[in-house]
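Read the structure below first, then the notes.
Just so we're clear, the structure is a prediction, and the values are computed from it rather than from any experiment. Proteins come first, then strands; the chains are lettered A, B, ... in the order of their sequence lines, and each starts at number 1. Values reported hereafter were calculated over all heavy atoms of this structure, with side chains retained and with hydrogens, waters and symmetry mates removed.
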Amino acid sequence: MTTNHLYLVDGSGYIFRAYHRLPPLTNRHGVPAGAVYGFTTMLWKLVDDLHKADGPTHLAVIFDASSKTFRNDLYDKYKAHRPPPPEDLVPQFPLIRDATRAFSVPCIEQPGLEADDIIACYAKAALAKGWQVTIVSSDKDLMQLIEPGLDMLDTMNNRRLGADYVVEKFGVPPAQLGEVLALMGDSVDNVPGVPGIGPKTASQLIQQFGDVEAVLANAETITKPKLRQSLIDHAANARLSRELVRLVCDQPLPEPLDDLALKGLPPEPLRAFLEEQGFRSLLLKVGGPSAEPVSAPAAIAEEAEPPFVHKEYETVVTEEALDRWIADGFAASMIAVDTETDHIDCMRARLVGVSLATAPGKACYIPVGHTGDGLLSETPAQLPLDLVLTKLKPLLEDPATLKIGQNLKYDLVMLRRNGVDVAPYDDTMLLSYDLDAGLTAHGMDDLAMRHLDHACIEFKTVCGTGKNQISFDKVPLDRATEYAAEDADVTLRLWRKLKPRLSPEAATRVYELVDRPLVPVVAEMERAGVHVDREELARLSGEFAGEIARLEAEIHALAGSPFTIGSPKQLGEILFDRLGLKGGRKGKTGVYSTDVNELERLAGDGAEIAAKVLEWRQLAKLKSTYTDALQAQINPATNRVHTSFSLAVAQTGRLSSTDPNLQNIPIRTAIGRRIRDAFVAAPGKLILSADYSQIELRLAAHMAEVPALRDAFARGEDIHNLTAMELFGEVNRETRGRAKTINFAILYGISSWGLAGRLGVDRIEAQAMIDRYFDRFPGINRYIAETLTKVREQGYVTTLFGRKTHLPGIRSSKQGERQAAERQAINAPIQGTSADIIKRAMVRMGPALAEAGLADVTMLLQVHDELVFELPESDVPAASAVIRRVMETAAEPAIRLSVPLGVEIGTGHSWGAAH
DNA sequence: TGGTTCACG
DNA sequence: GACGTACGTGAACCAG
């Protein structure tokens, strides 16, 4: 029997080295994957060497957990100057974990320990059992571990490193290497060392005296005066450095040694991964492309899945059961998670339970906050919330275990409020959004029906509806378990269907670089909330109420009798039937149109009642939708308003905002703007608003390659003036207004009818303007034609980042639907690219502000082309510079635009004042 | 529940 | 010649 041989791969070290050594490859759909490719090849080689002489029998890949380690407690500046990893490396981290999983090799990470320490612990444990150990790394710190039975392997030049190498390079054997490393310090990790001592001097001193303490003890005897003084002055730093470079090797092993046994190349998961990445040369080695090339990810999806059996879900009420599920989660290295609460608003909700799924059909529910209904049922026996959270936290935060959620933002907010972070993660709702936008809604019930042919237990059958509805904490545990565990089970099954489609369908880029990383960013914005001046809102409500009452009386007098002004039906009958004003019927319902255009027309003709109804409507709208509603939306616990941003609703990639909608707070009229003035900064702080200027027109100029528009933006000219000049030969208020309308018409997918209606000209005249526009701005025409060709062929259009909007209406037999789809096809790439860009700015904003030391700057809101922050007054200059830079460069480096992105920044005590 | 209106980008 | 009256959202209100 041969000796066991454990290979420990320093995953984090390898990633950075591969990133810098290998060309910046991208995988088949444009996501940076050079390091992933290098890593995959290296892992392949190792696994393939199973049972060769000197090959591995046991293998694990060790990563750094991103959290702080004990070394930061020793020295707060440890690794403090590390720049964040390069942007095109960041999306490779999850892929590298996917690769490791595809080989069925364990990923090991442990918060509080660096990869080096975990490696040291495993190495010592294996040596103690008489195993051989090879550390796959060329990190000098790890060379301290070299001893008989343990060597290192540098896979990039296929070199084995032993004690000879250490002696040759550092002049001392591995056992003394830590002493040398301590004296010389390390500028990258910010290990201070002793100033003036580099590798040569450090080596000499240790060779002469033996260790750091001995060197310090003999400092007085050193002849070189500068060296002597430096050692005396920096003795404390030398001792600190000695502790910083010392590897910890006495910690418990996260996974037992025997679990690292290598089983060889697992063809199916590996094939799926390679096809997903498009690593064709490796794919050939695993046995060529599978019979059905693009369905290869079906390796996962086509596995027969068990039916849904609700009675088999487990209700977890003992510590033993909880521990068992958590161990299963670690073992599976992925787990679906769902939280149940007593409220749809995650800022008001209490945690009621958590469900987990580790495999299709294998799911549980852990109740923590059920109360019984107070009448028929008592509070059921459950594990205490704190215990469950304490036990779940290591699993949910474990960097080697993938957490899968459906609309994970909700659970993220809930869990963060309870002191738990969740990472790494996937979100099935966002997977669906990035794959199937325009084809389906992305709620769990929709997705379960579509992909699993399964009807989920409806919330209302568990909790009822209307005034009989109960909150989830009142649901009996058996019913709650069936519902909640099913959610986790469905989520896991959906992930298995959707995740493998990502790469073949070219959605990885937008998922990994835009939507997935946005989840925790938006979760934090929602948690932050925004401060509103309650008294001011109440004052406005009162003021509006008075005006509304006054107008109501006047309107009723003009009409000759009271009626419901808010009823379009009654209003239309009053205006057109009783008062005999000119107007027409409309729509299938047969009610008169009384919208703002119609009323303005009537008012222009001298109808006093129409003017008053308009005024009444405005005030009624402002009062009911804003001043009254916002007061009611103030969270009593935080005294702030917390909107909910929907990440998977808008067809184009935009966010939307609900409960309350803070993306449609008035600004266009003076009276409405007073509501915006009630959005105020907390005491001592200011609101900062940063707007992209004309971003959609700029993107249109880039995407359609319109030289005149590109040049005008490059020179910083007013684009509507330019358009007016080109179309009408002169610039004045009137021509500029028309030009602006036409510019918007272009973005929205122009039709001569629509433009004619907007401009109040006839169809022929509108068409002439469009023709002239196409003539003056060549490129627009071509963009429209190419976009329409593409959408007709493929059924979808894409943004610059590859986000798809499917437009099935393009093949409708109804002409109206077809034309609507054509207009959407023109608009979606432009609106969607703008959404991609601001999302990237949001993702980068936190790290950029943190790097600049601006920890007190909080991002509060996104309004499509605007980001709103709250910050200390003294941070305004520095924060403005960071925010401007992040927003203006948000497309880079993935996309290089031919137009600059302009950002306008304003500050004030209120949102209104910041504009 | 669907239709209408109107707040925003 | 008919078709249709700009893209994307969410909330309040009325009426059936």
Query raised in the report: Which residues, if any, of residues 779-802 of chain A bring a heavy atom under 4.0 Å of DNA chain B?
Result: none
Requested in this report: Return each pair, listed once, that meets side-chain hydrogen bond (donor to acceptor under 3.5 Å, both in side chains) where at least one residue sits in residues 779-789 of chain A; pairs must be two or more places apart or across chains.
Outcome: none
Query raised in the report: Between A:H442 and A:Y433, what is the ring plane arrangement, given parallel below 30°, perpendicular above 60°, and tilted in between?
Result: perpendicular
Query raised in the report: Which part of the nucleic acid, if any, lies within reach of A:Q570 when heavy atoms closer than 4.0 Å are counted: base, sugar-phosphate only, or nothing?
Result: sugar-phosphate
Requested in this report: With heavy atoms under 4.0 Å as the rule, sort A:R823 into base, sugar-phosphate or nothing.
Outcome: sugar-phosphate
Report summary line: Expected list for residues 619-626 of chain A near DNA chain B, using heavy atoms below 4.0 Å, is A:K621, A:Y626
Report task. Could you check whether A:R617 gets within reach of a base, just the sugar-phosphate, or nothing at all, counting any heavy atom under 4.0 Å? Result -> sugar-phosphate
Query raised in the report: Does NZ or CZ of A:K623 come closer than 6.0 Å to the centre of the six-membered ring of A:F544, within 45° of the ring's axis?
Result: no
Query raised in the report: What do you reckon, is NZ of A:K740 surrounded by more than 12 foreign heavy atoms closer than 6.0 Å?
Result: no
Requested in this report: Output all residues satisfying side-chain contact (heavy atoms from CB on, under 4.5 Å) with A:V532, sequence neighbours left out; order by chain, then residue number.
Outcome: A:L537, A:I634, A:V641, A:F679
Query raised in the report: Across the strands shown, which category fits A:T643 at heavy-atom distances under 4.0 angstrom: base, sugar-phosphate, nothing?
Result: nothing
Query raised in the report: Under 3.5 Å, is there a donor-acceptor pair linking the side chains of A:Q824 and A:T805?
Result: no
Query raised in the report: Going through the distances and angles, do A:N635 and A:R640 end up as a side chain to side chain donor-acceptor pair (under 3.5 Å)?
Result: CA-CA 5 Å; A:N635 184 306; A:R640 291 167 76 98; over 6 Å; no
Query raised in the report: When all nucleic acid strands are considered with a 4.0 Å heavy-atom cut-off, which category describes A:T658: base, sugar-phosphate, or nothing?
Result: sugar-phosphate
Report summary line: In A:D434, A:T798, A:V797, the residue satisfying side-chain contact (heavy atoms from CB on, under 4.5 Å) with A:K804 is A:T798
Query raised in the report: When all nucleic acid strands are considered with a 4.0 Å heavy-atom cut-off, which category describes A:S834: base, sugar-phosphate, or nothing?
Result: nothing
Query - A:E600, CD atom: more than 12 neighbouring heavy atoms under 6.0 Å - result: yes
Query raised in the report: What is the nucleic acid contact for A:I750, judged by heavy atoms within less than 4.0 Å: base, sugar-phosphate only, or nothing?
Result: nothing
Report task. May I ask you to say what A:G566 touches in the nucleic acid, namely base, sugar-phosphate or nothing, with a heavy-atom cut-off under 4.0 Å? Result -> sugar-phosphate
Query raised in the report: Hey, where does DNA chain C pair up into stems, meaning at least three consecutive Watson-Crick or G-U pairs with distances under 3.5 Å?
Result: B:1-9 with C:7-15
Report task. Check whether any side-chain heavy atom of A:P562 lies under 4.5 Å from a side-chain heavy atom of A:E552, and answer yes or no. Result -> no
Report task. Could you tell me which residues satisfy salt bridge (charged side-chain N to carboxylate O under 4.0 Å, His left out) with A:E717, sequence neighbours excluded, listed by chain and number? Result -> A:R715
Requested in this report: Remember a base hit wins even if backbone is also touched, and classify A:Q824 as base, sugar-phosphate or nothing at under 4.0 Å, heavy atoms.
Outcome: sugar-phosphate
